[in-house]
Amino acid sequence: MEDLGKLINTRIEKINAIREMGINPFPYNYAITDFSADIKDNFDSYNKDNEEFKPVTVAGRIMSVRLMGKAAFCTIHDKKGNIQLYVAQKNIGDKYYDLFKILDIGDIIGVKGIVKKTQVGEITVYIDSLTLLTKNIRPLPIVKEKDGEVYDAFHDKELRYRNRHLDLIVTHGVKELFEKRTRIIKIVKRILDIKGFLEVETPILLPIYGGANAGPFTTYHNTLDMLLYLRISIEPYLKRLIVGGIDRVYEIGKCFRNEGMDRTHNPEFTMLELYQSYADYNDMMDLTEELFEDTCKELYGKTEIEFDGKTISLKRPWRRLKMIDAIREYADIDIESLSDDELKNIIKKHGGELKSAFVRGLAINEIFELLVEQHLIQPVFITHQPLETTPLCKVDYEDERYLQRFELFINGSEFANAYSESNDPVFQRKTLYDQSLRKEADTEASPMDENFVQAIETGMPPTGGLGVGIDRMVMLLTGERSIRDVLLFPTMKPEK
RNA sequence: GGGAAAGUAGCUCAGUAGGUAGAGCACCGCCCUUUUAAGGCGAUGGUCGACGGUUCGAGUCCGUCCUCUCUCACCA
């Protein structure tokens, strides 16, 4: 680190030298009129036969310098890309050429000039004015490039995640990836807005948590002298809004689960949850297909995407398969003909485990997760989960052992989860109460939410509800295999 | 939590039998007015992730720990 200190000190001394030249190394603004990509894309409008020129003013960060005595080429990076500058002493004068010579990679400059092609045909701004806009003092990682091939890329993932500002500057495609993430979320919102869903914001700090099976984060409010939880789902509040008559409602926001971290799990992650009155889980399937297919089509103009070396087709309709039929198809097991003990043996044999006391429905779900999930590559709605898997869903009227629920699987992992929402207040009170009693044995069971149950007692219309993991959707649509690559600032342990 | 791999200069990486720590780029000095991984000459720069051990001697061998990556487990 001492060496880095030396490098930084050298640059701090340059700041003093620049001030002694009568130049402010940190001026207040700069009127940009042009951007790199626009100049390159519309060369003809900036240069007519090398005789008529439309002057440009561009600004950006110095990414490389090739200095040759009394003239230099350098490349700057602005919000639209890179462009080369030709900096000649005779064009900008001795004083500003002296300034240019002590500038570093990482400094931000503004330049004025005319656009020409060099001998080898690269569109270049031949500058006649140089303004230092910000002096850098901390060296950037140096990334080299030739013919589109990148050398010495900023590879270290830890450094990239911890220093996303550097990653955005020097790693190709990172900025574009996060722009795409934002675009995906905007498309999803637009689709929902057009359908008449109201976007809302509900509390993240809660006195009581629920809506999912997950460990919560806790925090503390000093004035109220009380423990608060960070939400693990948005469901309990959106359902209150459904009761309140906002009959199509959604929120896209952070949820927090105090659980393990891996390639597809970050402690804080972004969920879409939506609720639609007078709809059921079939309507939610249609809507889910639409959200994924239309977003993909708008991004890429097609419905096939490459992911993890596989081609995945998001073209609707997708397959709809009952959980027990999926188990029969992929594991060749006829669940309904088997005894509890036989289910236990299957789970044991495949290395699964059951929480607390044996519950047949949870065992079936476990077998599905152990034996089927990984095979579900193309989009498929797995429906009719056993009723014990959640207390918030209506049972199917054809077979009350199973739910009107689906989970969407793509490439072996879950992307969405939806119910025909339970709105029977007597049933709801009982199941939530029963679950709260299980809390001793099952740390992920939620405590009783009295206010939520009272809302349901007020009368919630028949409602379809849908939850989509936005980060995973972004991963799918960008081809990224790690959630950390679609989060600007993934959760990291502090550096020592 | 298990397994595997990794951590050496600001960045990207070498470092072979345990014997004074290397390269490219960046940075510093000099030359250079069409370069583009610019080039040439020269110089600086390191607690080899941390701590302990073995040894005359450890980047290298052993142990513990830290961080990250991959993977398995866990996970609505």
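Here is how names work: the chains are called A, B, and so on, in the same order as the sequence lines, proteins then strands, and each is numbered from 1.
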In plain terms, say whether A:E13 and A:K135 are close enough for a salt bridge, that is, a side-chain N and a carboxylate O under 4.0 Å apart. no
Side-chain ion pair, A:R320 and A:E289, N-O less than 4.0 Å: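 Between A:E289 and A:R320 there is a salt bridge, with a charged N closer than 4.0 Å to a carboxylate O.
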Among B:C27, B:C13, B:C70, find the nucleotide with the atom closest to the side chain of A:D104. B:C27
Given B:U33, B:C74, B:C70, the nucleotide with the shortest approach to the side chain of A:S482: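 Among the listed nucleotides, the one closest to the side chain of A:S482 is B:C70.
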Under the 3.5 Å rule, do the base of [N] and the side chain of [X] count as making a donor-acceptor pair?
| X | N | result |
| --- | --- | --- |
| A:D262 | B:C74 | yes |
| A:Y126 | B:U34 | yes |
| A:E122 | B:U35 | no |

With A:K254 as the cation and A:F269 as the aromatic partner, state whether NZ or CZ is under 6.0 Å from the six-membered ring centre and within 45° of the axis. no
So what does A:R481 touch, heavy atoms closer than 4.0 Å: a base, only the sugar-phosphate, or nothing?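 Touches sugar-phosphate only.
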Report, one pair per line, the protein and nucleotides 4-8 of chain B atoms (nitrogen or oxygen only) whose separation is under 3.5 Å.
none

So if I apply the ring pair (Phe, Tyr, Trp, His ring centres under 6.0 Å) rule between A:Y126 and each of A:Y46, A:F73, A:F53, A:Y86, which one comes out positive?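 Single ring pair (Phe, Tyr, Trp, His ring centres under 6.0 Å) partner of A:Y126 among A:Y46, A:F73, A:F53, A:Y86: A:Y86.
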Atom pairs, N/O to N/O, protein against nucleotides 37-39 of chain B, distance under 3.5 Å?
unit_1	atom_1	unit_2	atom_2	d
B:A37	O5'	A:E145	O	3.4
B:A37	O4'	A:E145	O	3.0
B:A38	OP1	A:K144	NZ	2.5
B:A38	N6	A:L67	O	2.5

